[in-house]
K.L.:
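What follows is a structure written as structure tokens; I'll ask about it next.
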Amino acid sequence: MNNKATAKSSGVRALSSVLKSLAVLDALTRSNRPLRLMELAQALGESRATTYQRLLTLTEGGWVEQTGEGAYRLSLQAARAGNAALEQANLGERSTEVLQQLVLETRETASLAALAGVQAQLIKRVEAEVVVRAQVQVGTLLSLDQSASGRVLTAFATPAQRALLERKGATLASAALLREVARRGYAVSSGKDVPGLKSVAAPVFDAKGTCLFALSLVAPTARFDEARLARPVTRSAEKLSALLSG
């Protein structure tokens, strides 16, 4: 019996205060910039005092940090949690080896991304010899509708995951595009998420067939070649899926 079932049978309910604090993290995840206290309070529909108390709790816990201008942003704790998830999924060093092999084969930068609220977040990255963009690093948030990783994570999401994303107000690619991604087995970015760069991504599944991560290759738009990169990234994603299933 899983924990959720156990909680229901024992009459235990989730702590609303914790869920509301997690909602602050979700609001920060949806933003591409630090947010001020008033902005967060308005987004959450709560008073400034209550929102500040939640921010203080999350700051003390190391999940949120305050900028010099007084706004709030996620700390890199989220990225560290992503790395811990890889370790617990038995994909720590072994995933690094697969990414390194992919980089050697294609001479492009490889990354792993996972869902983070209503966006995709880079949780692991192996750079090619030529760094494509300094700001696209571990912890970077990408849109679900424009990025290759976001499109993969939503195209291969379970119905329950998709419904949850929609309830949270996530912006998703069109149903037709997501069906095409599922049919091809990989996605290509629109090029709008990070100007000057394009990427191709493929799904990484666990033993139950759940898509946990998106493996991607990113290259400057001028040399991006879908035909050259799609097969290596899907083949490497299959290797990672095999590791998760082993």
Side-chain angles (χ1 to χ4, degrees), residues 22-35 39-40 42-44 73-74 78-79 81-82 85 108-125 132-133 135-205 209-222 224-227 229-230 233-234 237:
L22 292 174
V24 176
L25 291 179
D26 196 35
L28 290 171
T29 298
R30 289 197 300 270
S31 177
N32 58 6
R33 62 176 177 81
L35 296 175
E39 293 176 304
L40 280 165
Q42 291 174 343
L44 297 168
R73 65 188 178 196
L74 293 176
E108 304 295 355
T109 295
S111 302
L112 271 179
L115 283 174
V118 293
Q119 290 177 289
Q121 184 173 48
L122 298 185
I123 59 174
K124 197 173 192 67
R125 191 167 177 82
V132 289
R133 278 290 178 89
Q135 74 265 31
V136 185
Q137 300 292 339
V138 169
T140 295
L141 294 172
L142 303 170
S143 69
L144 294 181
D145 62 326
Q146 302 295 332
S147 70
S149 293
R151 289 173 173 180
V152 160
L153 290 168
T154 48
F156 292 94
T158 65
Q161 287 174 324
R162 190 88 64 86
L164 179 59
L165 288 171
E166 291 173 349
R167 286 200 301 272
K168 289 183 175 181
T171 301
L172 307 181
S174 69
L177 191 152
L178 293 179
R179 284 195 298 270
E180 178 63 14
V181 170
R183 185 190 67 79
R184 291 188 305 180
Y186 70 88
V188 175
S189 68
S190 67
K192 297 178 181 178
D193 217 35
V194 184
L197 297 178
K198 289 199 72 174
S199 59
V200 59
V204 177
F205 301 100
T210 301
C211 178
L212 297 184
F213 309 107
L215 173 63
S216 67
L217 284 169
V218 60
T221 303
F224 181 82
D225 184 348
E226 178 181 342
L229 301 177
V233 79
T234 53

K.L.:
Just do the side-chain contact (heavy atoms from CB on, under 4.5 Å) check on L172 and R162 with the steps written out, would you?
P.N.:
CA-CA 9 Å; L172 307 181; R162 190 88 64 86; 3.8 Å; yes
K.L.:
Distance-only, no hydrogens or angles: does the T154 side chain make a donor-acceptor pair with backbone N or O of R151 under 3.5 Å?
P.N.:
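Such a contact is found between T154 side chain and R151 backbone.
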K.L.:
CZ of R179 to CZ of R184: how many Å apart, nearest 0.5 Å?
P.N.:
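With rounding to 0.5 Å, CZ (R179) is 13.5 Å from CZ (R184).
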K.L.:
Locate the shortest heavy-atom distance separating A187 from V152; write the atom from each residue and the value.
P.N.:
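The answer is CB-CG2, 3.7 Å.
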K.L.:
Say you draw a straight line from CG of L35 to CZ of R73; how long is it, rounded to the nearest 0.5 Å?
P.N.:
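Reported to 0.5 Å precision, the distance equals 12.0 Å.
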K.L.:
Shortest non-hydrogen contact from L153 to A114?
P.N.:
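Heavy-atom minimum between the residues: CD1-C, 3.7 Å.
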K.L.:
If you apply the rule side-chain contact (heavy atoms from CB on, under 4.5 Å), what do you find for V200 with T234, and how did you get there?
P.N.:
CA-CA 9 Å; V200 59; T234 53; over 6 Å; no
K.L.:
For S190, which residues count as a side chain to side chain donor-acceptor pair (under 3.5 Å) partner, sequence neighbours excluded?
P.N.:
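Residues passing side chain to side chain donor-acceptor pair (under 3.5 Å) with S190: Q146.
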K.L.:
Hey, could you give me the CG/CG distance between L112 and L122, rounded to the nearest 0.5 Å?
P.N.:
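Spacing of CG (L112) from CG (L122) equals 9.0 Å.
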K.L.:
Mind listing the closest non-hydrogen atom pair of P34 and E39 along with its distance?
P.N.:
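Heavy-atom minimum between the residues: O-OE1, 4.4 Å.
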K.L.:
Does a donor on one side chain sit under 3.5 Å from an acceptor on the other, for D145 and T171?
P.N.:
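No donor-acceptor contact under 3.5 Å links the two side chains.
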K.L.:
Does the side-chain contact (heavy atoms from CB on, under 4.5 Å) test come out yes or no for V181 and F156, once each step is laid out?
P.N.:
CA-CA 9 Å; V181 170; F156 292 94; 4.0 Å; yes
K.L.:
Check G117 against L165 and note the closest heavy-atom contact, atom names and distance.
P.N.:
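Nearest pair, atom of G117 first, then L165: O-CD2, 3.5 Å.
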K.L.:
Yes or no on side-chain contact (heavy atoms from CB on, under 4.5 Å) for L212 and V204, after CA distance, side-chain angles and deciding distance?
P.N.:
CA-CA 6 Å; L212 297 184; V204 177; 5.8 Å; no
K.L.:
Can you name the nearest heavy-atom pair linking E108 to P220, along with the distance?
P.N.:
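Distance-wise, the nearest heavy atoms are OE1-CD, 4.4 Å.
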K.L.:
S111 pairs by side chain to side chain contact (heavy atoms under 4.5 Å, CB included) with which of S216, S149, S199?
P.N.:
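It is S216, the one option of S216, S149, S199 that forms the side chain to side chain contact (heavy atoms under 4.5 Å, CB included) with S111.
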K.L.:
So which heavy atom on E226 is nearest to which on Y186, and how close?
P.N.:
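Heavy atoms only, the tightest pair is OE2-OH, 2.7 Å.
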K.L.:
Donor-acceptor pair, distance only, cut-off 3.5 Å: does the side chain of D193 make one with the backbone of S143?
P.N.:
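Yes.
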